[in-house]
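Any value given below was found using the heavy atoms of this structure, including those in side chains, with hydrogens, waters and symmetry copies removed. These numbers were taken from a predicted model, which means no experiment stands behind them. When a ligand or atom number is given, it counts from 1 through the structure's own listing order.
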Amino acid sequence: MDINTLTAEMSLEESPRPPKSAKREGYLKWEDYFMGTALLAAKRSKDPNCQVGACIVNRENRIVGIGYNGMPNGCSDDTFPWDKNNKQFYVCHAEMNAILNRNIIDLKGCTLYVSRFPCNECAKMIIQSGITKVYYIYDKSPNKDVYIASKKMLEEAYVQFEVFKSEHKTIVIDLTPPLNINVS
Ligand SMILES: O=c1ccn([C@H]2C[C@H](O)[C@@H](COP(=O)(O)O)O2)c(=O)[nH]1
Ligand SMILES: [Zn+2]
């Protein structure tokens, strides 16, 4: 076997294996990371009916605000009402909390990842804050006046909104070793 043949055989054998310094495959894409963060935040919600999470991201792909729906600070989750007719008077929406929790002053040009389509009150805050893009997973009540009004305002103010699409259905995160993260 001459030296050329030997080299060809070696490279054939090694081709499926990435070089040791190559990056890991299967890492989360930015968009899945941001929506995953919003969904993880939603898990903090005490609302028995609807847990909403929101994550705001700037143009440099930095997370600048996270929120979920909950009672205002100082208003106890155990004494304020969570039933359908009364919670509306008290609950702070996820989008509002994410905007108020922001760690930068100006949200101009930022993108919001949120689990459900924002209501009219959230749309007002989104517009006024300078957020220009909204990704949401589902529109719970598209025919209700508040969501029709929300769409109307977002469109008028040139805030784009789009259903979130991912090539994955689930992200499963272990809290115990070996700390696997399974994306499927
Ligand atoms: O833009 C929105 C709209 C609603 N929410 C939260 C506020 C409440 O906790 C629930 C409302 O649930 P329904 O059962 O649909 O009345 O969702 C929000 O965070 N952001
Ligand atoms: Zn809202």
Side-chain angles (χ1 to χ4, degrees), residues 30-59 62-166 168-171 173:
W30 282 120
E31 297 75 20
D32 292 329
Y33 168 51
F34 299 140
M35 189 55 95
T37 299
L39 297 175
L40 190 60
K43 296 288 176 198
R44 284 279 308 148
S45 175
K46 322 297 183 307
D47 189 325
N49 242 345
C50 185
Q51 302 84 43
V52 187
C55 173
I56 304 171
V57 178
N58 73 7
R59 291 188 183 108
R62 298 293 175 266
I63 293 177
V64 295
I66 298 178
Y68 59 89
N69 53 327
M71 293 300 171
N73 289 342
C75 301
S76 169
D77 295 323
D78 298 315
T79 51
F80 278 76
W82 285 109
D83 65 280
K84 212 148 178 65
N85 294 328
N86 291 299
K87 67 181 174 186
Q88 55 179 319
F89 301 118
Y90 307 104
V91 175
C92 300
H93 291 189
E95 301 88 326
M96 170 182 158
N97 278 334
I99 290 170
L100 293 175
N101 288 341
R102 71 188 183 279
N103 57 15
I104 54 171
I105 291 172
D106 193 357
L107 296 182
K108 224 169 269 159
C110 285
T111 297
L112 173 73
Y113 291 79
V114 60
S115 45
R116 65 181 269 187
F117 190 78
C119 73
N120 62 321
E121 292 302 327
C122 290
K124 294 177 198 174
M125 292 200 65
I126 290 165
I127 293 166
Q128 294 304 79
S129 71
I131 289 170
T132 47
K133 176 94 198 193
V134 176
Y135 285 105
Y136 63 99
I137 293 185
Y138 75 112
D139 197 346
K140 197 178 177 200
S141 320
N143 300 321
K144 274 195 180 165
D145 287 348
V146 294
Y147 296 99
I148 293 170
S150 172
K151 280 204 179 100
K152 197 172 170 180
M153 287 187 282
L154 293 173
E155 275 167 357
E156 197 71 15
Y158 298 105
V159 176
Q160 296 178 352
F161 50 88
E162 193 176 320
V163 174
F164 179 75
K165 295 268 181 265
S166 173
H168 304 297
K169 277 201 160 154
T170 60
I171 302 171
I173 306 171

Q) Hey, looking at atom 13 (P) of ligand 1, which of Met125, Lys84, Glu95 has the closest heavy atom? A) Lys84
Q | Best match, Lys87, Lys46, His93: closest heavy atom to atom 3 (C) of ligand 1 | A | His93
Q | Cys122 and ligand 1 - part of the residue with a heavy-atom distance under 4.0 Å | A | side chain
Q) Taking atom CD of Glu155 as the centre, does the number of heavy atoms from other residues, nucleotides or ligands within less than 6.0 Å exceed 12? A) yes
Q. Which atoms of ligand 1 have any heavy atom of Val91 under 4.0 Å away?
A. 7 (C), 9 (O)
Q: Could you tell me which N, O or S atom of His93 is nearest to the Zn ion (ligand 2)?
A: ND1
**Q.** Short side-chain to backbone donor-acceptor contact, Arg102 and Ile99, under 3.5 Å
**A.** yes
Q | Spatial distance of atom CG (Leu100) from atom NE2 (His93) [nearest 0.5 Å] | A | 12.5 Å
Q) With a 4.5 Å limit on heavy-atom distance, are the side chains of Pro72 and Cys92 in contact? A) yes
(Q) Once you measure the plane-to-plane angle for Phe80 and Tyr90, does it fall in the parallel (<30°), tilted (30-60°) or perpendicular (>60°) bin? (A) perpendicular
Q) Is it the case that more than 12 heavy atoms not belonging to Lys140 sit under 6.0 Å from its NZ atom? A) yes
Q: Write out the residue and atom name of the closest protein heavy atom to atom 8 (C) of ligand 1, then the distance separating them to 0.1 Å.
A: Asp47 OD2, 3.3 Å
Q | Short N or O distance, Pro118 and ligand 1, threshold 3.5 Å exclusive | A | no
Q | Atom indices of ligand 1 within 4.0 angstrom of Lys140 heavy atoms, with elements | A | 13 (P), 14 (O), 15 (O)
Q: Verify the neighbour count for atom OH of Tyr33: are there more than 12 heavy atoms of other residues, nucleotides or ligands below 6.0 Å?
A: no
Q. Phe117 to ligand 1: N or O pair under 3.5 Å?
A. no
Q: Examine the proximity of ligand 1 to Tyr147 and report which part, side chain or backbone, both or neither, has a heavy atom under 4.0 Å away.
A: side chain
**Q.** Protein heavy atom at shortest distance from atom 6 (C) of ligand 1
**A.** Asn69 ND2, 3.6 Å
Q.
Using 0.5 Å steps for rounding, measure from the CE atom of Met153 to the CD1 atom of Ile126.
A. 9.5 Å
Q) Is the closest heavy-atom distance from Arg116 to ligand 1 below 4.0 Å? A) yes
Q | atom 19 (O) of ligand 1: the protein heavy-atom neighbour that sits closest, reported with distance to 0.1 Å | A | Ala94 N, 3.0 Å
Q. Is the number of heavy atoms from other residues, nucleotides or ligands within 6.0 Å of CD (Glu156) greater than 12?
A. no
